[in-house]
Amino acid sequence: MNIQEIYNGTYYVGVNDRTTYRFEGLWPLPQGVSYNSYIVKGEKVALIDTVHVAHSSRFIERVKEITGNNPIDYLIINHMEPDHSGSIQAIMSAYPSLKIIGNSKTAAMIKGYYGISENVITIADGDTLDLGGGKVLKFYLTPMVHWPETMMTYVENDGILFSGDAFGCFGALNGGVIDSTIDTSQYYPEMYRYYSNIVAKYGTFVQKAIARFNDIKIDYVCSTHGPVWHDEISQVVGIYDRLSRYEGEPGVVIAYASMYGNTEELADTIAAELSRNGVRNIRVHNLSKTHLSFVLADIMRYNGLIIGGPTYNNGLFPEVERLLSALKGRELRNRYVGCFGAGTWAPVSSKNIKACIDSLKVEAVGTPFDMKCAETPADIEQARALASAMAVKIKE
Ligand SMILES: Cc1cc2nc3c(=O)[nH]c(=O)nc-3n(C[C@H](O)[C@H](O)[C@H](O)COP(=O)(O)O)c2cc1C
Ligand SMILES: [Fe+2]
Ligand SMILES: [Fe+2]
């Protein structure tokens with residue numbers, strides 16, 4: 001059992017998922033994921049979000065450990081995505097008199113997903129709910145972090161913010177819940193990957209949400225995935241802030257595909273030349289091997305990107321195409337991006353990749369070029385020129 005008091009009558013009642021292979025059917029979970037839910041006890045009792053439907057019965061056991069046979073008065077829905085709303089029906093069956101609190105956009109979704117329209121109280125931005133016993137909940141509407149109905153709930157006197165998916169990360173909770181009790185280094189890479197794949201498209205909305213909490217005292221950030229942040233709030237908010245501004249650290253990701261190793265050889269040539277030019281953070285990914293979510297996490301983290309791939313049936317290699325479409329989807333910006341290609345009879349890769357780069361708000365670096373068959377001294381020259389131009393840019 002995982003019941004822990006976080007602070008002064010706020011409890012963790014979430015669950016771990018170490019079984020699901022891919023989150024949202026897309027993103028591998030090598031370290032699992034947690035679906036976090038919390039209870040705030042005043043004179044009345046509020047439950048903040050639920051968990052994935054697959055974990056309903058375990059979840060209700062946890063809730064009952066805290067509440068015993070007493071009722072739950074309110075269920076606050078910060079986010080309707082089914083990884084959090086999936087146990088609403090189970091909770092309603094266990095606590096039929098419970099009132100659901102959400103905003104006007106939440107209400108339509110509860111009806112749509114679960115057929116529930118009674119006992120739903122609609123709140124507006126800035127509204128409060130007094131639980132008694134000194135516990136006042138204040139609601140902040142934060143649309144598109146990461147769905148239209150997303151909101152955050154703040155316990156005024158205790159400085160606890162229930163932030164929904166914001167400030168979350170992949171990785172199950174392995175015993176400890178609060179960061180001060182955990183070696184949190186295991187979660188940070190998974191925070192980059194979580195942000196880059198789940199939240200990245202909505203950077204401007206994350207910025208708006210962060211701005212709303214500038215003048216508010218926050219001692220605990222309780223998100224829906226991963227640890228509760230207490231000691232490391234500034235680190236975590238800093239990561240979300242930088243990522244949502246598309247601010248990259250100096251470093252270069254080389255993302256390539258290769259069928260027979262020739263494009264790969266050129267990628268290594270570029271990497272070696274970047275290193276010779278003093279670049280320390282270089283991440284080389286084979287797009288056919290490394291899952292795209294890890295590649296995107298590095299791309300969101302570093303300010304330089306070089307994409308290469310072979311020509312495939314007069315077009316782009318499928319895995320390269322997939323990467324480019326993911327970059328468009330995330331509206332990648334503030335990056336230095338170069339490219340190269342390969343082919344045997346009529347190469348078109350670098351031209352096609354360059355067209356995609358030009359459609360993004362990024363700065364194109366170097367001269368796109370295509371190698372024919374295998375690396376020649378002239379190709380090596382071009383590769384080195386691209387690497388040198390990139391090295392200058394990312395250090396600016
Ligand atoms: C199925 C297939 C389709 C290909 N289509 C093209 C093509 O349309 N134009 C071209 O110049 N090369 C084409 N090639 C050659 C590849 O681009 C070739 O693998 C590349 O030049 C060498 O790079 P690699 O060793 O990194 O795979 C094709 C190769 C395969 C296997
Ligand atoms: Fe979500
Ligand atoms: Fe989520």
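As the structure lists them, so they are numbered: ligands from 1, and atoms in each ligand from 1. Computed over heavy atoms, backbone and side chain alike; hydrogens, waters and symmetry mates excluded.
- Among all non-hydrogen protein atoms, the one lying nearest atom 29 (C) of ligand 1 is M259 CE, 3.7 Å.
- Nearest N/O/S atom of E81 with respect to the Fe ion (ligand 2) is recorded as OE1.
- Within the listing of ligand 1, atoms 11 (O) sit less than 4.0 angstrom from a heavy atom of P347.
- Between atom 3 (C) of ligand 1 and the options T344, N262, N314, N313, the minimum heavy-atom separation is to N313.
- On a distance-only criterion, C373 and ligand 1 share no N/O pair closer than 3.5 Å.
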Could you walk me through whether E190 and R193 pass the salt bridge (Lys or Arg N to Asp or Glu O under 4.0 Å) check?
-> CA-CA 5 Å; E190 287 296 77; R193 199 164 66 89; 2.8 Å; yes
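- Atom 28 (C) of ligand 1 has as its closest protein heavy atom T311 O, 3.6 Å.
- For atom 1 (C) of ligand 1, the nearest protein heavy atom (residue, atom name, distance) is Y312 CE1, 3.5 Å.
- Close approach to P310 involves these atoms of ligand 1, each under 4.0 Å from a residue heavy atom: 17 (O).
- Shown in contact with T263 at under 4.0 Å from a heavy atom are these atoms of ligand 1, numbered in order with element: 23 (O), 24 (P), 26 (O).
- No N or O atom of A257 sits closer than 3.5 Å to an N or O atom of ligand 1.
- Remark: E396 CD is packed, more than 12 non-hydrogen atoms of other residues, nucleotides or ligands lying under 6.0 Å away.
- For E24 and R22, the salt-bridge test fails: no basic side-chain N is under 4.0 Å from an acidic carboxylate O.
- Inclusion of H79 in the first shell of the Fe ion (ligand 3) is not supported: no N, O or S atom falls under 2.8 Å.
- Using a 30° and 60° split on the angle between ring planes, Y240 and Y195 fall in the perpendicular class, above 60°.
- H146 and Y202 have tilted rings, their planes meeting at an angle from 30° to 60° on a 0 to 90° scale.
- Nearest N/O/S atom of D83 with respect to the Fe ion (ligand 3) is recorded as OD2.
- Residue-level check: among N/O/S atoms of D165, OD2 sits closest to the Fe ion (ligand 2).
- Within the cation-pi definition used here (under 6.0 Å to the ring centroid, within 45° of the axis), R335 does not qualify as a partner of Y246.
- Using a cutoff of 4.0 Å between basic side-chain nitrogens and carboxylate oxygens, D158 and K217 are not scored as salt-bridged.
- Applying the 4.0 Å criterion to heavy atoms of A346 picks out, from ligand 1, the atoms 9 (N), 10 (C), 11 (O).
- Classification of D370 and K372 as a salt-bridged pair fails, no side-chain N sitting under 4.0 Å from a carboxylate O.
- For the Fe ion (ligand 2), the N/O/S atoms of H84 include none lying under 2.8 Å.
- The atom of H146 nearest to the Fe ion (ligand 2) is ND1, with the search restricted to N, O or S atoms.
- Because its NZ or CZ atom is not both nearer than 6.0 Å to the ring centre of Y74 and within 45° of the ring axis, K41 does not count as a cation-pi partner of that residue.
- Side-chain rings of H84 and H225 approach one another, their centers coming within less than 6.0 Å.
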